[in-house]
Amino acid sequence: MEIDLNRFRAAFYEEAVEHLESMEAALLQLENSGEDRELLNTIFRAAHSIKGASSTFGIDQVARFTHVLENLLDRMREGEVLPTAELCELLLKATDVLAGLIQAEKNQTEIPEQVESVFHALQQYSSECAPSQHSTHPVPAIDPAASCQTWHIRFQPSPTFFHFGQNPLFMLDELQKLSQSFHSVANLSKLPSLSRLDPESCCMGWDIELTTSSPKHVIQDVFMFVDDDSSPAIELISHPETKTDDGISTQSGPPIRVSEPVSSDSITQPETRPSSGNTNGGPGASGERRSGDDRRSENSPPTKESSGPTSAAGSHETVRVDRERLDKMINQIGELVIGTSMVEQDWQRFHPDMESSALVQLGKIVRDLQEMSLSLRMVPIAATFQKMARIVRDLSHRLGKQVRFETEGEETELDKTVVDQIGDPLLHMVRNSVDHGIETPEERAAAGKSPEGVVCLRAYHQGGNFIIEIEDDGKGLDRDRILRKAIERGIVSESDNLSDEDIFGLIFSAGFSTAEQVTDVSGRGVGMDVVRRNVEALQGSISIRSVKGKGCRMIVRLPLTLAILDGLLVRVASDSYVIPLLSVVESIKPTSNGIQKVLARGEVITLRGEIVPLLRLDRILNLRQSCRENNDDLLVIVEDQGRKYSLAVDELLGQQQVVIKNLEANFQKVPGVAGATILGDGRVALILDINGLCGLATRSSAAADHSLSADQPIIAAEHHAV
Amino acid sequence: MSKMALVVDDSASMRQMVSYTLQSAGFEVIEGSDGKDALGKVSGKSVNLVVTDLNMPVMDGITLIRELRKISSFKFTPILMLTTESQDAKKQEGKSAGATGWMVKPFNPEQLLQVVSKVVP
Amino acid sequence: MSTATLSTSALSDMTEGGSQFLTFQLAEELFGIDILRVQEIKGLTHLTQIPNVPPYIRGVMNLRGTVVPVVDLRHRFSMPAATYNQFTVIIIVTVGQKVMGLVVDAVSDVLNVGDAELEQLPDLGCDIDTSFITGMAKSSDRLITLLDIDRLLGNHVTAQTV
């Protein structure tokens, strides 16, 4: 039977990542707590699992590396090697290398460079303190292939034989299969009278004579699992008829009894147990020499589990499902919801005065089903938070700052897609906190704070949103400096009346991050404006609270899922569009003279004193049959990157949760359009991408400005100054 | 009635591999991700074979073997443990806890079936 | 018109060398596309306009929950636009991994074209793009232009729409 081991590799890669994550988390904890058996066990177990699976699946590079790692960890577990800061550093590096190796194996790319150096460093550590070298197993001499020999086997299982799940009959069967002639006699001498017979203990023995061409070790293999007390005595009775080579010549003279016990590990495992005669293996019988982790798992109270990321796994049963299949199912359920609402609409059309209780019931079930299906994609944010722990640690070391990293609510769940995409922006914000927020220990001491700063990541659900807060107790944002800089860069003008929050929000503006500010750490060419864009691409938003000298808190608000969207359904001309509710501020009916032309092309409205540009969807989107009645009586005010725009629509059709379908699947990305959805009547409606729309509008008006500037240079000059 | 096997390993890939191999040999498989999980899943049932890893979180393999042997329907069930070459002490411990046999990692499906055939014909 | 019958008959005739084409009408002309690329044929349904794309992309339709772009072939070939009527259909075709719809005046027949019957397109003059034409075939007394869907709708379409 051929089983292709490669089919299991995908699962291995996935679980290896998880093991590495828990390893890293435990290492970081270990670094702070010093020696902690439980942590060491967690780390060891992770390395051990990766090694076992990688060697089984023939991923040799990984197996070789984890083998050394495991040896070292085992020493640490036994207390032979102490977890010094230096060693923790090395182990962290080793997890990185291992992750790189696995990644390289998975994508068939180059293996990371430092593999060898880290490998040798690990090797050195594990051998340095090693009292005895790892014993290599003596390979038992294999009998030379012989022709038929006759053997006598005396097999007397111990009384407890059955309690090990053994069955002597299987062994007899197996022996018979090996042999050309087979003769066995049951030894019933120990059989008690029926009244005293214990059916659960083995009282029988066998004397077997067999002739076989198989060498002795094959016969021994039959009994490989029997306990020491049941080991059979195997004796060679006859010499091979034709055998004359020197291996046999030593057997001349008196018949040699070859009768060592067969238990295969008696070779490598001579007398490690204090009571080697003990076969019953009852609890406690072998208690003295139990290695650390068992003792731990039995004796330590479960309350210990409540701290540390290792407990997050718990004993929940999980099933791994291919992402694509899951998405397909969620999609189909989305269709079911649409199908149901089509039926509901039909029903209402044909029976306007009657309610179908069956239909109401069905609708409820279907919507529950959809909610459940969406929850299938939810995963805890814990893994993402753990990565940040490492970042904070490395960064604070490098900057000479003392930073304690805390997390709250890491078990809070959100959509896997969002989790995958929030990592980068979060990373940037955390870096920013450590780099710009937390002061050096000296500065902190001077400000009367503890020298150790705190960066806290917090996650929780609030009103259908997922909130992540990044809070530090550093120096806070410098309101005046930000404002000054923003004016310098022409992002705002001096006359603007800005609230504190407005000003803090300026750090997210494009072009705010400047060369002067770019450090090795937070710089990297991306400013906070990229963070904001990433978050907004996820339909999220960021706000900032900060108190000078006390610290800063950034609050990221994300939708729980990207599969559905809360939208405002509007009609423009004959088509319906969905505006993401998150961007909608309000909808208004402008007064008759509310809309004013600017330079004959642009249009603005005045909304409570604020001048808001008016965007006409049919123009921006170049709609063909622009047969819309131009009465401008309905405007939806939307906000993008802190700027308001008003969109002229013909009708508000109501709020609706829609299932998002992407256009790229069969077509391509369309500017101004975030995706599409299928409405209750089966029609496709486009979901507007407010950011993209505003971009489209600005581009076309910029083009208009450009044509103007040729005639009227004064306007152009002024425009640049703003 | 098909033969029933309990496969316990915290590593999903190993579990998959062992289960798949056993299924291809006609076993019906119950999977457990650790000892405790496995105990919960087989309560009230009986199986023809148990294959368990030793090093697992929550409840390790040795404890699982010991617990299983306490259940009357598992008194005589063949139990194979998965060990690595560096775990000789563990192997002894497993044996005294009541394991029938063992399988040294790494192994391939053929080797697994060969060992299984020793304890469940 | 069912997809199943189309494709089985297509397969059964594949052995004879040559291939089968679904023919359809645009204005006065007959065109053919490889039947193995045809997924199904749908009646005209509601099309939702897509902004800022070339006019021959009529919009997107809902094909059992999937959003599928639809190309008006008359437009694509710069033929005079026609009002859609009860014969207007959308041929759903696969282009690589993607699914697209083609609006045509009417589908007519499935045509067997042996390799021998396939004729090269004569030079029509330099200002007519013929890169997406595989050749021509004769059926009774009519000429059928055979189209290469990948060239017609593949990267070509997407590149132009940006």
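Values below: every heavy atom of this structure, side chains too, minus hydrogens, waters and symmetry copies. Chain letters run A, B, ... following the sequence lines, proteins first and then strands; every chain starts at 1.
- With a 4.5 angstrom heavy-atom cutoff, A:Glu14 does not touch chain B via any of its atoms.
- Across B:Met14 and A:Gly52, no two heavy atoms sit closer than the pair SD-O, 4.2 Å.
- Proximity to chain B is absent for every atom of A:Tyr13, based on heavy atoms less than 4.5 angstrom apart.
- No side-chain heavy atom of A:Phe162 sits less than 4.5 Å from a side-chain heavy atom of B:Lys75.
- For B:Thr77, the part lying near chain A is the backbone, with the side chain staying farther off; criterion is any non-hydrogen pair under 4.5 Å.
- At a 4.5 Å heavy-atom cutoff, the contact between A:Gln166 and chain B is made by backbone and side-chain atoms alike.
- By number of non-hydrogen pairs under 4.5 angstrom with chain A, the leading residue of B:Asn108, B:Thr100, B:Val115 is B:Thr100.
- Under the 4.5 Å side-chain criterion, counting only non-hydrogen atoms from C-beta, B:Ser13 is not in contact with A:Arg9.
- Crowding of B:Gln114 atom CD: a count of heavy atoms from other residues, nucleotides or ligands under 6.0 Å not exceeding 12.
- Here the side chain of B:Gln16 pairs no donor or acceptor atom with the backbone of A:Phe8 at under 3.5 angstrom.
- Rounding to the nearest 0.5 angstrom, the gap separating the NZ atom in B:Lys118 from the CG atom in A:Asn167 is 13.5 Å.
- Shortest non-hydrogen contact noted between B:Asn55 and A:Phe44 is ND2-CE2, 3.3 Å.
- If you measure heavy-atom distances from B:Leu49 to chain A, you find no contacts under 4.5 Å at all.
- Within the 4.5 Å cutoff, side-chain heavy atoms of A:Ser49 are placed close to those of B:Asp10.
- In this structure, the separation between NE2 on A:His48 and OG on B:Ser11 is 10.0 Å, given to the nearest 0.5 Å.
- Per-residue heavy-atom pair counts under 4.5 Å with chain A were compared for B:Gly32, B:Pro78, B:Ala99, B:Pro57, and the maximum is reached by B:Pro57.
- For the pair B:Lys95 and A:Phe164, the tightest heavy-atom approach, listed with the atom from each and the gap, is O-CE2, 2.8 Å.
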